[in-house]
Amino acid sequence: MSTEVISNRINALSESQTIQMNQKSRELKESGVDVINLTIGEPDFNTPEHIKEAGIKAITNNLSHYPPVAGFPELKKAIANKLATDNGLEYAPEQIVVSAGAKHSLANVLQCIVNKDDEVIIPAPYWVSYIELVKLAEGKPVVVEAGVDTKFKITPEQLEASITPKTKAILFNSPSNPTGSIYSKDELQALAEVLEKYPHVYIISDEIYEKINFVGQHVGLAEFSALKARTIIINGVSKGYAMTGWRIGYIAAPLVIAKAVTKLQGQYTSGVCAIAQAASVEAFNGDQQCVEDMRVAFQKRRDIVLDIVKDIPGFNVAKPDGAFYIFPDISAYFGKSNGTTTINSSMDMCMYLLEKVQVAAVPGSAFGSEQCVRFSYAAAEDLLIQAFNRVKAALAELS
Ligand code: PMP
Ligand code: GLU
């Protein structure tokens, strides 16, 4: 059957390249190729035992009926409590909506606030799904680019220049996927001062990597009191608690937006998996040592990787302050060849590394940055050492 049967809306949608590259790498591995998969951004750790136990208990206790659309009161209370304790932010449980992962939360919010041709500012490099989700909501992505020289962070001047009367929102992500950059409190303050002047602009603050921070206390834009009333926080349990498969994300938002998201979710999906919600209550209320242990492990891995790649010429990395990615600018290799393959793009580089030394990564083009490649270091230390030594050897063959 031809794709004519498919709506224009979906025909125009690109596939997620993180998921595509991960799938390709999995298939190669299953066919017996010794691939080291550094594509997908998910902790390699299993969900901590006490959280799994809470999920098992929920099954045994027959938590098998439809949950409330916006989430169980216990979970919304646990999230409100987390926001108060960790972030110093007061939210009523009615301002919180639980969805099937932060990606779902983000899609819901965009559907609820973006009208046709509304502009949404997206600093680049950006996470792979932002552009497509804005387009699905019939909005116009307005990309503001930052390079490796500013640690991939946009300036207040750039932000101000991108705001127009048609701007509906800015989609902001710190700590960032794919760069691992974190905006400092002062840098956020400077952006907040710009945003204060434009009350028609909403702030969608994706804080999914909050717990994977190597430089100190997390700060989000909602903490600037002039912005809180128009900020929507997006977060979840996937990264900090190693719970990617449980699919729990949430928003903390102005009440009118929380109500709109609940209305949409009531028609589209209903409340999300009751068992995963019960496990997430334990994630938020239980012992937080597991979060710290994983954070420390990620930091150690980052240092191991940086130590290997610092000796690779033309591999220009900004030291990441959080998340679990390195995003080197590899454009110094453009035009170089090993005699059979010439590198002219981030995709060429990824295909070369995959074919030559079986290391799988994601091209920067997926994140709006053609000069870079993203490697996830959420993998075991021995694998990382092997992988980056392989990369070093493969790049040494290019001249
Ligand atoms: N935002 C960013 C920046 C991410 O990297 C991810 C990871 N997939 C998500 C949102 C979505 O996370 P999840 O749906 O697993 O909660
Ligand atoms: N956030 C992860 C990544 O960027 C998971 C994949 C996805 O959801 O796109 O690799």
Side-chain angles (χ1 to χ4, degrees), residues 1-27 39-42 69-70 97-143 166-173 177-178 202 204 206 208 232 234 236 238 244-251 253 257 260-273 276 345-347 350-351 360-370 374:
M1 196 184 280
S2 93
T3 52
E4 269 172 35
V5 65
I6 304 302
S7 67
N8 298 339
R9 190 184 312 117
I10 299 304
N11 272 332
L13 186 70
S14 310
E15 258 185 70
S16 162
Q17 277 200 56
T18 45
I19 287 175
Q20 230 177 349
M21 290 301 283
N22 185 45
Q23 182 61 23
K24 196 179 163 90
S25 155
R26 266 192 196 167
E27 283 164 12
T39 59
I40 194 86
E42 71 167 336
V69 170
V97 182
V98 177
S99 300
K103 193 184 277 192
H104 185 206
S105 298
L106 189 57
N108 279 344
V109 168
L110 290 167
Q111 288 294 331
C112 287
I113 69 170
V114 174
N115 279 314
K116 191 167 164 38
D117 296 333
D118 279 354
E119 295 174 1
V120 178
I121 298 169
I122 303 180
Y126 45 72
W127 180 46
V128 66
S129 296
Y130 289 167
I131 301 273
E132 296 303 311
L133 290 178
V134 168
K135 286 202 223 150
L136 260 187
E138 297 186 280
K140 277 197 182 152
V142 174
V143 173
K166 296 221 72 171
T167 306
K168 186 63 185 256
I170 172 167
L171 220 173
F172 193 76
N173 177 220
N177 175 7
Y202 287 79
I204 304 173
D206 180 347
I208 192 81
I232 302 119
I234 309 269
S238 285
T244 47
W246 297 78
R247 309 307 304 129
I248 296 288
Y250 65 86
I251 59 163
I257 295 177
V261 166
T262 307
K263 184 164 76 170
L264 173 64
Q265 198 158 282
Q267 292 290 13
Y268 232 76
T269 51
S270 288
V272 299
C273 175
S345 66
S346 58
M347 182 54 109
C350 286
M351 294 322 286
V362 185
S365 51
F367 310 98
S369 182
E370 182 54 85
R374 189 190 80 174

Contacts of type side-chain hydrogen bond (donor to acceptor under 3.5 Å, both in side chains), residue Q23, not counting sequence neighbours: E27

side-chain hydrogen bond (donor to acceptor under 3.5 Å, both in side chains) pairs, two or more places apart, involving residues 110-129: E119-T164

All salt bridge (Lys or Arg N to Asp or Glu O under 4.0 Å) counterparts of E132, not counting sequence neighbours: K135

Residues in side-chain hydrogen bond (donor to acceptor under 3.5 Å, both in side chains) contact with N173, at least two apart in sequence or another chain: none

Euclidean distance, T167 OG1 relative to K140 NZ, rounded to 0.5 Å: 11.5 Å

Side-chain heavy-atom pair Y202, V109 within 4.5 angstrom cut-off: no

Approximate separation, where rounding is to 0.5 Å, of I234 CD1 and N108 CG: 8.5 Å

Shortest non-hydrogen contact between M21 and A361, atoms and distance: CE-O, 3.2 Å

Side-chain touch L171/L106, heavy atoms, less than 4.5 angstrom: yes

Smallest separation among heavy atoms of A169 and I113, with atom names: CB-CD1, 4.2 Å

Residue F172 excluded, over 12 heavy atoms near CZ under 6.0 Å: yes

R374 side chain to T39 backbone, donor-acceptor under 3.5 Å: yes

Heavy-atom pair with the smallest gap, counting every atom of G266 and S270: O-OG, 4.3 Å

Contacts of S7 that satisfy side-chain contact (heavy atoms from CB on, under 4.5 Å) - sequence neighbours left out: R9, I10

OG-CD distance between S105 and Q265, expressed to the nearest 0.5 angstrom: 7.5 Å

Side-chain donor or acceptor of E42 paired with backbone N/O of S238 under 3.5 Å: no

Nearest heavy-atom neighbours spanning G139 and V114: CA-CG1, 3.6 Å

Any side-chain heavy-atom pair of C273 and R247 under 4.5 Å: no

D206 versus Y130, side-chain donor and acceptor atoms under 3.5 Å: yes

Heavy-atom check, side chain of L110 versus side chain of L136, under 4.5 Å: no

Donor-acceptor under 3.5 Å (E370 side chain, S346 main chain): yes

Closest approach of I122 to P141 (non-hydrogen atoms, all atoms of both residues): CD1-CB, 4.0 Å

Non-neighbouring partners of N11 that pass side-chain contact (heavy atoms from CB on, under 4.5 Å), sequence neighbours left out: T3, I6

Distance-minimising heavy-atom pair for A100 and V272: N-CG1, 3.2 Å

side-chain contact (heavy atoms from CB on, under 4.5 Å) partners for A260, two or more places apart: C112

By side-chain hydrogen bond (donor to acceptor under 3.5 Å, both in side chains) - contacts of S16 (at least two apart): T18

Chi angles and distances behind the side-chain contact (heavy atoms from CB on, under 4.5 Å) call for V97, Y250: CA-CA 5 Å; V97 182; Y250 65 86; over 6 Å; no

Any residue meeting side-chain contact (heavy atoms from CB on, under 4.5 Å) with S25, in chain and number order, not counting sequence neighbours: V35, N37, A360

For Q17, all residues meeting side-chain hydrogen bond (donor to acceptor under 3.5 Å, both in side chains), sequence neighbours excluded: none

